[in-house]
Protein chains: 2
Amino acid sequence: MTRSPAPPAPEKHIAESTVRRLSLYLRVLEQAAARGQQTLSSDALAEDGGTTSAQVRKDLSFFGSFGKRGRGYDVAELVSQISDILGLGREWKVYIVGAGKIGAALVSYRGFSQRGFRVLGVYDNNPQIVGRMIDGVGVRSMSQLEHDAAREMPDIAVITVPAEHAQTVAELVVSAGIRAIMNFAPAPIHVPSTVTVKSVNMALELEGLAYALVHRDANAS
Amino acid sequence: MTRSPAPPAPEKHIAESTVRRLSLYLRVLEQAAARGQQTLSSDALAEDGGTTSAQVRKDLSFFGSFGKRGRGYDVAELVSQISDILGLGREWKVYIVGAGKIGAALVSYRGFSQRGFRVLGVYDNNPQIVGRMIDGVGVRSMSQLEHDAAREMPDIAVITVPAEHAQTVAELVVSAGIRAIMNFAPAPIHVPSTVTVKSVNMALELEGLAYALVHRDANAS
DNA sequence: CATGTCTTGTGAAGAATTTCACAAGAAGAG
DNA sequence: CTCTTCTTGTGAAATTCTTCACAAGACATG
Ligand SMILES: NC(=O)c1ccc[n+]([C@@H]2O[C@H](COP(=O)([O-])OP(=O)(O)OC[C@H]3O[C@@H](n4cnc5c(N)ncnc54)[C@H](O)[C@@H]3O)[C@@H](O)[C@H]2O)c1
Ligand SMILES: NC(=O)c1ccc[n+]([C@@H]2O[C@H](COP(=O)([O-])OP(=O)(O)OC[C@H]3O[C@@H](n4cnc5c(N)ncnc54)[C@H](O)[C@@H]3O)[C@@H](O)[C@H]2O)c1
């Protein structure tokens, strides 16, 4: 955890599945570090990451070569390398829009702050809610959002408003200069291609389970 | 919404990405139905589903042929067909384990009940919480879970306990006979291969956004 | 009933991703 | 210093997924 001498080595294009697995490897590595493990092989990494050792090595090879033949990967070093690749070396400023049930749960989610995602503000358009504190973060009025954003320069907006308002809110946060959106509303949102959107659609995940139950696949995750 | 004369037509193996898209198409179709649209082309379906018309047709072709050449798809009929394919023709019984912030948010999530996922019980091991009502559903004690499950035969368990207890809880629900798990804890859980697990890992999604911001991809979703 | 327009269903091609398999490097033992 | 053991990094092969492209069917119109 000293220095990051090697740059994260940019490249042509990396598959989203690879990026997801890197996050997973990072978790496995941190747990290994917590157990005092010094080093980890691609086999061990694959085991807990739910993939194969060849996949692990291939994923890492897109960004450089971090292992030692015959020994495996140095846990602390690989944590640092993957953190760099994923852009976790810095703090990311997050706005949450929609101070309802799911929005409130996310504000106090430690899993975010642990990774350097800091919630600067929570926004809502309900005057009854504006001004309240949620886990130390004050709920702000929507009318302030653009003004606040000009000053605070948030990186990511999390949208947790009802589906029918998701598009409107998306347009607002984009015009406020935010370039990345995480959308929890079960509605597609359309933004300029300079903005990255990820959607988390829980009902859709449940439907995937229903499909699996009906079609008796034998699979795991 | 009358009868389902054609069986959902089973098959070799369908990609998870196809199943996800079917869920998406279903949403688009329902919105179209709400707007009074009678029929929809694969092009229109693709537009809102964020994919291409060829993909739509290919996805559907795995299960049968539901369209009319020159006309497109009958909205009501395709809703019914996709619902059948996904196993949404029936009610699915759900237990939520972990009555914390995210568990409580999920109990009252209308997006679940709208799709036929009914929360029968919420479980927690904190005696201070057991007995409370969350949106009309009582919080039950963990010690009852196996006994209740024998009677109620739940289909799906949603795990919303801290990561370090996810594995223990997973083993309990599996031994209670539950065959599908949706895991919100950011920890991999290991179960027999007869059990299907889906994990929703929100920190990982945020990390994907951080990666995109750092690597200036021009992409959307 | 022929003609024109539209849109499906689907093999085949193409692209992307995963798996294989092995040469090469690293370390310890003798 | 040589031998053995272990595990990486990576081209090539295999597999999976997506896109292409077009024949065939459906309807409307004249
Ligand atoms: N509750 C869940 O477990 C859950 C799970 C997955 C997805 N979601 C989705 O997340 C979204 C929020 O769900 P919820 O359960 O928290 O709902 P909620 O009703 O508890 O909260 C929605 C909040 O958004 C605010 N809001 C509404 N319109 C707004 C606007 N235009 N600008 C700013 N704020 C606005 C409301 O005042 C309210 O506080 C919904 O789209 C829902 O489908 C919820
Ligand atoms: N809060 C969020 O926004 C959020 C988002 C994504 C994921 N998660 C994950 O979801 C899980 C729950 O998060 P939370 O914020 O709701 O936490 P929480 O502390 O509010 O709730 C956890 C609940 O689980 C109960 N519990 C603990 N151990 C248990 C056990 N062995 N059996 C039964 N119940 C048990 C606790 O009594 C508590 O009520 C965590 O794994 C967290 O990482 C939370």
Side-chain angles (χ1 to χ4, degrees), chain A residues 6 9 11-25 28-29 32 37-75 77-78 81-82 85 208 211 217 219-221, chain B residues 6 9 11-25 28-29 32 37-75 77-78 81-82 85 208 211 217 219-221:
Chain A
E11 14 35 31
K12 30 207 103 195
H13 176 256
I14 299 299
E16 189 177 311
S17 51
T18 292
V19 176
R20 295 181 78 84
R21 282 191 299 266
L22 288 177
S23 290
L24 245 35
Y25 303 154
V28 174
L29 286 161
Q37 209 114 38
Q38 287 284 314
T39 181
L40 219 54
S41 70
S42 59
D43 246 323
L45 216 33
E47 185 95 17
D48 275 320
T51 181
T52 67
S53 62
Q55 183 76 79
V56 169
R57 295 197 298 276
K58 182 64 88 180
D59 286 338
L60 294 174
S61 77
F62 294 131
F63 299 95
S65 66
F66 309 118
K68 279 204 175 26
R69 295 172 189 224
R71 299 271 83 199
Y73 300 89
D74 181 87
V75 171
E77 196 205 309
L78 194 52
Q81 292 285 357
I82 294 181
I85 291 166
Y211 177 87
D217 281 286
N219 55 3
S221 165
Chain B
E11 14 33 30
K12 31 207 97 195
H13 177 256
I14 299 298
E16 189 177 311
S17 51
T18 291
V19 176
R20 293 179 81 85
R21 282 191 299 264
L22 288 177
S23 291
L24 245 36
Y25 303 153
V28 174
L29 287 161
Q37 209 115 38
Q38 288 284 313
T39 181
L40 220 53
S41 70
S42 58
D43 246 324
L45 217 31
E47 186 95 15
D48 276 319
T51 179
T52 67
S53 61
Q55 183 75 80
V56 170
R57 296 197 298 275
K58 182 64 89 180
D59 285 338
L60 294 173
S61 78
F62 294 130
F63 299 95
S65 64
F66 308 120
K68 281 204 174 28
R69 295 174 188 221
R71 303 269 84 196
Y73 300 89
D74 181 88
V75 171
E77 197 206 308
L78 194 52
Q81 292 286 357
I82 295 182
I85 292 167
Y211 178 87
D217 280 285
N219 55 4
S221 167

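Per chain, numbering begins at 1; letters A, B, ... match sequence-line order. The basis for the numbers below is simple: all heavy atoms, side chains too, and nothing from hydrogens, waters or symmetry mates.
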Should A:Leu45 and A:Leu78 be marked as a side-chain contact (heavy atoms from CB on, under 4.5 Å) after you check the CA-CA gap, both sets of side-chain angles, and the distance that decides it? CA-CA 11 Å; A:Leu45 216 33; A:Leu78 194 52; 4.0 Å; yes

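Spacing between atom CZ of A:Arg20 and atom C1' of C:dT17 amounts to 15 Å, rounded to whole angstrom units. Residue A:Lys68 contributes atom NZ, which lies 16 Å from atom C1' of C:dG28 at whole-angstrom precision. Atom CG of B:Leu40 is separated from atom C1' of C:dC6 by 15 Å (rounded to the nearest Å).
Note that OG1 of B:Thr52 and NZ of B:Lys58 are 11.0 Å apart. Values are rounded to the nearest 0.5 Å.
Between A:Arg57 and B:Asp59, the residue whose closest nucleotide on DNA chain D is further toward the 5' end is A:Arg57. Both A:Thr18 and A:Gly70 lie near DNA chain C, and the one whose nearest nucleotide falls closer to the 5' end is A:Thr18. Residue order along DNA chain D, read from the 5' end via each residue's closest nucleotide, puts A:Asp43 first among A:Asp43 and B:Gln55.
Counting 5' to 3', DNA chain D first comes under 4.0 angstrom of a heavy atom of chain A and last does so at the ends given by D:dC6 to D:dA12.
Across all non-hydrogen atoms, the minimal contact from A:Val56 to A:Thr51 is CG2-CG2, 4.0 Å. Taking every heavy atom of both residues into account, B:Ile82 and B:Leu22 meet most closely at CG2-O, 3.7 Å.
In this structure, B:Thr51 reaches neither bases nor backbone, as no heavy-atom distance under 4.0 Å exists between it and the strands shown. Residue-level contact check: B:Ser53 touches neither bases nor backbone, having no heavy atom under 4.0 Å from any strand.
Defined by atom type and a distance below 3.5 Å, a donor-acceptor pair is present between the side-chain atoms of A:Arg57 and A:Ser42.
Between A:Thr52 and C:dT19 there is a side-chain polar atom (N or O) within less than 4.0 angstrom of OP1 or OP2.
The environment of CD in A:Gln37 is crowded: more than 12 heavy-atom neighbours from other residues, nucleotides or ligands sit within 6.0 Å.
The base of C:dA24 is paired with the side chain of A:Arg69 by a donor and an acceptor separated by under 3.5 Å.
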